[in-house]
Visitor: 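Here it is, the structure in full.
Everything numeric here is computed off the predicted structure, so don't read it as measured data. Letters go in sequence order (proteins before strands), and every chain restarts at 1.
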Amino acid sequence: MQTTNKNSVQRRHHATILPATRITHAFERAQNEERGILIPYFMCGYPSAAQSIELVLAAATGGADIIELGMPFSDPLADGATIQHAGHVALERGMTVNGCLEIARRVASQCAVPLLFMGYYNPILAYGLERFCQEAAASGVCGFIIPDLPTEEALPLQQAANQHGLALIFLVPPTTSDDRIAQIVKTATNGPGGFLYCVSLTGVTGSRSAISTHLRSFITRVRGYTKDHNLPLVVGFGLSTPEHIAEVTNYAEGAVVGSALVNLIDQHPESQQVEAVKKYIESLRKR
Amino acid sequence: MQTYHTKEAGTYQHNLYPDERGRFGPFGGKFVPESLMTALSELEAAYLDASNDPGFQLELQAQLSTFVGRPTALHYVPRFSQMVAPNIKVYLKREDLAHTGAHKINNALGQGLLARRMGKKRIIAETGAGQHGVATATVCAMLGLECIVYMGEIDIQRQSLNVFRMKLLGAEVRSVGSGSRTLKDAINEAIRDWVTNVETTFYLIGSAVGPHPYPRIVRNFQAIIGEEARKQVLAQEGRMPDMVVACVGGGSNAIGMFYPFAGVLDVQLLGVEAGGTSLEAGQHAATLVAGRPGILHGAMSYLLQNGDGQVLDTHSISAGLDYPSVGPEHSYMKETGRATYVSANDATALRGLQALSQSEGIIPALEPAHALGYLLEMGNRREIPEGSLIIVNLSGRGDKDMLTVAQALNVTL
């Protein structure tokens, strides 16, 4: 494994606390400032490996609390057209699991924002669960979000993640029954759960114009199962505007923005993308 | 780099799998977004309930008889047998004679009746060659259900006749332009639709693939092929066959034929995959021959993937076998040694198609032509002992493939 000087400094800096604890600290900081946390998503390798690093750093400068790094997969069945396209381009341009780890290392050596990998299970399985967790932890990653890994199948990865202090974060869609919410919370709390990712809508990723009117009651329902655990609730899928973020963080601890960022990147020439991302993140944080 | 240990597959156990987790040994499972987990549990409960309901079984049997035209014949083909090897007997299980021209209708009918029983009025399906799309559109027309079929752009081009049939039957065909624009991407898009409309929609999957309980449901609706063949071969020959052969893409015709014979260990099970133009990556669809375990479309199974876990493109002359994974029960049968899997390339399939057409007056689909062509190759290699009794599952008829075959034989129509 490659090790740069900066990298080892970073690792020493974080050596005393578990990676997943850095997620918890991000929530505590935001709570002290009486605001929700903001989690932007960037696809590793989109529009290019080098540029994706610059965009992530711009988001950190703009005020991102945690950053999701998308790992591209050939068959992203939980993603809408926007993220599908970004992943397709990233793969065409040669992005790999090793490439994603390298992007995480480079980002972590330049900023302290906790990083999460969001990707599908097969590339991780092919890489080797133990090897992947070990290298992710060493690269400054704090946890994973795997949309095709429900609780029933999560044990092997969760065990490997636990050994390296990484959080395995589960998704909860609005159609989930009470029984299953209880089961997801129970599984999440078998390790450092990080947070619960509450899906705002029934469907795949992608920007929507309005937030579901049922979202607030859905979050309240989930809260009934998490209140005895230190498991914050974050809302994602379909969010794009400062108004969305403001509304959602009234009743959840945080919000994720993904496809809207890819669209924003697509609307700007490469030379203006860094500034556009920074301003956009600032606009979301202001509320 | 492979972390996967296939030793846990152990020895073949008939009737034991899938277990409660939807596993066949280490294969199968439910690797899907959380939003589908409840729907899969409901489907499983509804399926078990229907299985135990004599009324449901009675209606299924009646429709299989008068709508599908079952039982299909087990037909002896002496002239083709002679082409394969001297003094052997080859029988064909004539699924090409089922309504709509292939075995796909067995499963589409079963799941269609199940959907109606569950009160779902919107049916989605994926299709590669178009046979499953046609079968689903047919059943939906008969049952009065809305039908949406996802189909890759490339498959729409090469199977235009089936696209027209689906539309004529009242289905909506949605073109899929993402990824490799073939069957695997049509399944991705169908799953995305299901995630979005899960409460109103029934996903009528076409092969023994996908998350549990689909591989089990599809196997059981297709097992009528092997059940009939068992009775027929005993009646006609007074003994079990030495070998049963079927083509394998996703593997629904093969598992339907194999499963009822699998408990009889003397019967050799041979699955023939699509060898495409060569066994180089991207040139074939021989998953069990050239792949390694991985996860696609909700199941752990053999998978054609690169070193980084990305799914590879596939090629086959037959759109119906053009799929980079395979039903998890086939992976289990391979790992335990209960079945053997080989590949036949495009040219071999064409030879099989021509040989059966000219020797027996039956034009097979390109998919089972892989099994026929492989038998001819085995015969050339003198691998088939005298006195052998062989059943080939003739899973579909060749009408849909005439443009492709003409092109491959340099004939302008």
Visitor: For chain B, which residues from residues 211-219 of chain A have at least one heavy atom closer than 4.5 Å to it?
Guide: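 The stretch does not come within 4.5 Å of chain B.
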
Visitor: Under a 4.5 Å heavy-atom cutoff, which of A/Ile146, A/Leu91, A/Thr176, A/Leu149 has the most pairs with chain B?
Guide: A/Leu91

Visitor: Any ion pair linking B/Glu126 and B/Lys184 (charged N to carboxylate O, less than 4.0 Å)?
Guide: no

Visitor: Taking only Lys NZ, Arg NE, NH1 and NH2, and the carboxylate oxygens of Asp or Glu, determine whether B/Asp19 and B/Arg216 approach each other closer than 4.0 Å.
Guide: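 No, no charged N to carboxylate O under 4.0 Å.
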
Visitor: Decide, yes or no, whether a salt bridge links B/Arg192 with A/Asp79 under the criterion of side-chain N to carboxylate O below 4.0 Å.
Guide: no

Visitor: Contact part of A/Pro72 toward chain B, heavy-atom cut-off under 4.5 Å: side chain, backbone, both or neither?
Guide: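 Only the backbone of A/Pro72 comes within 4.5 Å of chain B.
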
Visitor: Flag the pair B/Glu34 and A/Arg180 as a salt bridge only when some basic side-chain nitrogen lies within less than 4.0 angstrom of an acidic carboxylate oxygen.
Guide: yes

Visitor: Please step through side chain to side chain donor-acceptor pair (under 3.5 Å) for the pair A/Gln51 and A/Tyr46, ending with a clear verdict.
Guide: CA-CA 7 Å; A/Gln51 181 73 350; A/Tyr46 186 80; over 6 Å; no

Visitor: Is chain A contacted by the side chain of B/Asn306, its backbone, both, or neither, given a heavy-atom distance below 4.5 Å?
Guide: neither

Visitor: Select one option (side chain, backbone, both, neither) describing which atoms of B/Leu303 are under 4.5 Å from chain A's heavy atoms.
Guide: side chain

Visitor: Give a yes or no on whether a salt bridge exists between B/Arg181 and B/Asp313, defined as a side-chain N under 4.0 angstrom from a carboxylate O.
Guide: no

Visitor: Show your working on side chain to side chain contact (heavy atoms under 4.5 Å, CB included) between A/Leu239 and A/Val248 and close with a plain yes or no.
Guide: CA-CA 9 Å; A/Leu239 308 180; A/Val248 160; 4.0 Å; yes

Visitor: Which answer fits A/Tyr121, side chain, backbone, both or neither, if we ask what part of it has an atom under 4.5 Å from a heavy atom of chain B?
Guide: side chain

Visitor: Taking only Lys NZ, Arg NE, NH1 and NH2, and the carboxylate oxygens of Asp or Glu, determine whether B/Arg158 and B/Glu153 approach each other closer than 4.0 Å.
Guide: no

Visitor: What residue, out of A/Ala81, A/Ala78, A/Pro76, has the most heavy-atom pairs lying under 4.5 Å from chain B?
Guide: A/Pro76

Visitor: If you count heavy-atom pairs under 4.5 Å between each of A/Glu152, A/His88, A/Gln84 and chain B, which one has the most?
Guide: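 Top count of heavy-atom pairs under 4.5 Å with chain B: A/Gln84.
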
Visitor: On a heavy-atom basis, which atom in B/Leu296 and which in B/Tyr323 lie closest, and how many Å separate them?
Guide: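 Shortest heavy-atom contact: CD2-OH, 4.3 Å.
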
Visitor: If the threshold is 4.0 Å, N to carboxylate O, is there a salt bridge linking A/Arg223 and A/Glu253?
Guide: yes

Visitor: Tell me, for B/Ile187 versus chain A, whether the close heavy atoms (under 4.5 Å) come from the side chain, the backbone, both or neither.
Guide: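 Neither the backbone nor the side chain of B/Ile187 comes within 4.5 Å of chain A.
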
Visitor: Does B/Glu329 pair with B/Arg219 as a salt bridge, N-O distance under 4.0 Å?
Guide: yes

Visitor: What closest approach, in Å, do A/His244 and A/Ser209 show between heavy atoms, and which atom pair accounts for it?
Guide: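 Shortest heavy-atom separation between A/His244 and A/Ser209 comes out as NE2-O, 3.0 Å.
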
Visitor: Less than 6.0 Å separating the ring centroids of B/Tyr17 and B/Tyr332?
Guide: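 Between B/Tyr17 and B/Tyr332, the centre distance is under 6.0 Å.
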
Visitor: Is the distance between the ring centroids of A/Phe144 and A/Phe132 under 6.0 Å?
Guide: yes

Visitor: Quick one: which residues of residues 201-208 of chain A reach chain B at under 4.5 angstrom, heavy atoms only?
Guide: A/Thr202, A/Gly203, A/Val204

Visitor: Heavy-atom pairs under 4.5 Å with chain B are the metric here; pick the option from A/Pro150, A/Ser177, A/Ala154 that has the most.
Guide: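 Max contact count across the listed options: A/Pro150.
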
Visitor: At a heavy-atom distance under 4.5 Å, which candidate from A/Val172, A/Ile184, A/Leu171, A/Thr151 has the highest pair count against chain B?
Guide: A/Ile184

